[in-house]
Amino acid sequence: LTKGLDALRALPCETLDGHHMPLWVNTGLLADVVRAQERGAEGVGLYRTEVPFMIKDRFPSEKEQLAIYREQLAAFHPLPVTMRTLDVGGDKGLSYFPIKEENPFLGWRGIRVTLDHPEIFLVQVRAMLKASEGLNNLRILLPMISGIQELEESLHLIHRAWGEVRDEGTDVPLPPIGVMIEIPAAVYQTRDLARQVDFLSVGSNDLTQYLLAVDRNNPRVADLYDFLHPAVLQALTKVVEDSHAEGKPVSICGEMAGDPSAAVLLMAMGFDSLSMNATNLPKVKWLLRQISLSKAKDLLGQAMRIDNPQVIHSTLQLALRNLG
Ligand code: PEP
Ligand code: MG
């Protein structure tokens with residue numbers, strides 16, 4: 001198996017008809033870095049910065065954060081590393097910053113928390129910027145954006161942090177900045193959001209949860225949680241079209257991107273990169289190398305005409321099994 005993985009790592013993620021589909025990884029712990037490199041990722045599409053926060057017993061200082069971020073950036077350099085600003089709340093708690101709510105997934109989480117606590121946000125962004133000095137492979141990603149005003153406030157704070165670190169003598173360019181599309185409201189504002197950022201990234205875990213009103217962690221409704229639901233597929237198609245209409249690249253970093261048959265559809269939709277758990281990367285690469293982009297587009301066309309998620313799954317499975 002290791003030999004097979006080694007051989008696959010060296011091969012490009014390219015379809016039979018020559019379409020290159022960049023595969024990126026999601027990271028959190030430093031251990032993910034090694035696995036990502038072994039599997040030949042082309043970049044980090046999502047570094048979940050809340051992970052290093054969760055294993056501490058207090059907020060890490062700017063200096064501590066700088067060291068943690070520097071390790072990620074240096075390990076992948078010159079490949080891009082997309083660092084998401086702190087996404088706590090919902091199911092992701094910090095012992096030293098408890099949030100008690102009736103409906104945590106509809107409550108105070110992600111960008112809502114950090115815009116209410118700009119001191120947390122500014123320290124984090126300053127640490128990211130300082131960590132990228134001399135490397136310049138940082139990209140900043142904003143979680144849980146539901147409207148233009150949140151984006152503008154975030155951009156304002158990032159510019160402020162950038163001014164501060166430059167005043168202190170850090171020589172860094174302003175990094176590319178992106179928004180996550182993971183709240184249904186953002187889907188309908190993709191063009192307006194895209195105009196103000198450098199890239200977009202779909203969080204299909206939350207987008208599926210919010211579109212279908214199904215808690216992503218509740219086993220009782222797990223059968224209803226389906227990223228191949230027709231509503232999810234239509235939302236994704238719209239996000240790709242609208243991002244490209246504004247000339248902006250769009251990626252996807254939810255679990256869906258690491259599901260080989262879903263990845264075929266995402267490639268056909270036109271996503272510019274797929275970001276996944278390193279464990280899934282070889283499977284996805286293997287399958288995309290067995291198919292042509294035109295065949296994938298046929299399959300997407302077929303899937304988009306089916307109204308039943310179960311039938312979408314079985315149709316895909318059948319078509320892909322026939323590939324061998
Ligand atoms: C998502 O929502 O799809 C996502 C990638 O972010 P997280 O799973 O960390 O909420
Ligand atoms: Mg999310």
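In this chain, numbering begins with 1 at the start of the sequence shown. Both counts, for ligands and for their atoms, begin at 1 and track the order of listing.
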**Prompt:** For the Mg ion (ligand 2), which N, O or S atom of Glu182 is at the shortest distance?
**Reply:** OE1
**For the Mg ion (ligand 2): the N/O/S atom of Asp206 at shortest distance** = OD2
**Item:** contact_flag Met256 ligand 1 heavy-atom lt 4.0 Å
**Value:** no
**Message:** Please determine whether any non-hydrogen atom of Gln209 lies less than 4.0 Å from an atom of ligand 1.
**Reply:** no
Is [X] touching ligand 1 with its side chain, its backbone, both, or neither, if touching means heavy atoms under 4.0 Å apart?
X      : answer
Met144 : neither
Leu46  : side chain
Arg48  : side chain

**Prompt:** Is it true that the NZ or CZ of Arg84 lies under 6.0 Å from the centre of Tyr47's six-membered ring and within 45 degrees of the ring axis?
**Reply:** no
**Within 45° cone and under 6.0 Å: Arg166 NZ/CZ vs Trp162 ring** = yes
**Asp87 near the Mg ion (ligand 2): N/O/S under 2.8 Å** = no
**Message:** Side chains of Asp91 and Asn217 only: does a donor on one sit below 3.5 Å from an acceptor on the other?
**Reply:** yes
**Asked** Any side-chain donor-acceptor pair under 3.5 Å between Asp116 and Thr114?
**Response** no
**Asked** How far is atom 6 (O) of ligand 1 from its nearest protein heavy atom, and which residue and atom is that?
**Response** Arg84 NH1, 3.0 Å
**Sidechain-backbone polar pair: Ser132 side chain, Asn136 backbone, donor-acceptor under 3.5 Å** = no
**Item:** NZ/NE/NH1/NH2 to OD/OE distance under 4.0 Å, Lys248 and Asp198
**Value:** no
**Complete:** ligand 1 to Glu182, heavy atom cutoff 4.0 Å, flagged ligand atoms 1 (C), 2 (O)
**Asked** Any idea which atoms of ligand 1 are less than 4.0 Å away from a heavy-atom of Gly203?
**Response** 1 (C), 2 (O), 3 (O)
**Asked** Do the two ring centres, one from His117 and one from Phe97, sit under 6.0 Å apart?
**Response** yes
